[in-house]
Amino acid sequence: MTVFFIPPVAPSPGTTFTPQIKVLEAEFGDGYSQPAPNGINNIRETVELKWDGLTECEMHAIYDFFTECKGTKPFLYKPAGYRKPVAWTCKEWTRNLSEGIWKISANLTQSFASI
């Protein structure tokens with residue numbers, strides 16, 4: 001069963017997109033090196049999302065989703081700037097309460113598992 005992440009509110013401005021690139025590189029004695037992609041999926045996207053100003057209900061909807069996925073279950077999500085949903089996992093998320101206002105930060109990592 002395919003699971004979609006549909007947060008109750010859009011992430012706050014300031015989303016960070018960072019590719020993780022895996023390369024094998026052979027270095028030779030004359031300063032020359034020969035790089036090659038490490039596998040067929042050597043570029044894995046990561047996305048840092050944050051939600052500021054959440055109600056307790058909105059916070060629970062997001063926090064509970066990540067908790068239920070346990071950092072291992074991939075889900076589909078379409079971040080801003082993407083043309084189609086991508087499979088992700090989330091192994092890191094935090095929540096913060098300040099003066100009755102909730103904030104959540106989450107780091108999503110692209111998953112190449114079939115879902």
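Being a predicted model, the structure only gives us computed values, none of them experimental.
- When side chains are defined from C-beta on, Phe65 does not count as touching Cys90, because their heavy atoms never get closer than 4.5 Å.
- Annotation for Lys78: atom NZ counts as buried by contact number, over 12 foreign heavy atoms lying within 6.0 Å.
- Under the 4.5 Å side-chain heavy-atom criterion for grouping Ile, Leu, Val, Met, Phe, Trp and Tyr, Tyr63 is connected to Tyr77 within one hydrophobic cluster.
- One hydrophobic cluster holds both Ile115 and Phe4 under the rule that ILVMFWY side chains link at heavy-atom gaps under 4.5 Å.
- Note: Gln34 CD to Glu25 CD = 9.5 Å, rounded to the nearest 0.5 Å.
- Gln20 and Thr46 form no side-chain donor-acceptor contact under 3.5 Å, judged by distance and modelled atom types alone.
- For the pair Tyr82 and Phe17, the minimum side-chain heavy-atom distance is below 4.5 Å.
- Panel note: side chain Ser12, backbone Asp52; a donor-acceptor pair is recorded below 3.5 Å.
- Residue Leu76 is not grouped with residue Leu108 when hydrophobic side chains (ILVMFWY) are merged at heavy-atom distances under 4.5 angstrom, including chains of intermediate members.
- For the pair Thr72 and Thr89, the minimum side-chain heavy-atom distance is 4.5 Å or more.
- For the atom pair CD1 (Ile43) and CD1 (Ile21), the distance works out to 5.0 Å, reported to the nearest 0.5 Å.
- Closest of all the heavy-atom pairs between Ala106 and Trp51 is CB-CZ3, 4.2 Å.
- Aromatic ring orientation, Trp102 versus His60: tilted (interplanar angle from 30° to 60°).
- Residues Val3 and Lys73 meet the side-chain proximity criterion, which asks for heavy atoms closer than 4.5 Å.
- The distance from the CG atom of Leu54 to the CD1 atom of Ile101 is 10.0 Å, given to the nearest 0.5 Å.
- At a threshold of 4.5 Å between side-chain heavy atoms, the hydrophobic network of Ile, Leu, Val, Met, Phe, Trp and Tyr places Val9 and Met59 in one connected group.
- Placement of Ile62 and Ile6 in two distinct hydrophobic clusters is found when ILVMFWY residues are connected by side-chain heavy-atom separations under 4.5 Å, directly or transitively.
- Distance OG1/Thr94 to NZ/Lys103: 10.5 Å, rounded to 0.5 Å.
- Summarising the geometry, atom NZ belonging to Lys22 is positioned 10.0 Å from atom CG belonging to Asn41; distances are rounded to the nearest 0.5 Å.
- Side-chain contact between Thr18 and Glu48: absent, with no pair of heavy atoms (C-beta onward) separated by less than 4.5 Å.
- Using cut-offs of 30° and 60° for the angle between ring planes, the Phe5 and Phe66 rings count as tilted.
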Is there a side-chain contact (heavy atoms from CB on, under 4.5 Å) between Gln110 and Trp88 once you walk through the steps?
CA-CA 4 Å; Gln110 186 177 12; Trp88 305 92; 4.1 Å; yes

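- Residues Ser105 and Lys50 share a closest heavy-atom pair of OG-CB, 4.0 Å.
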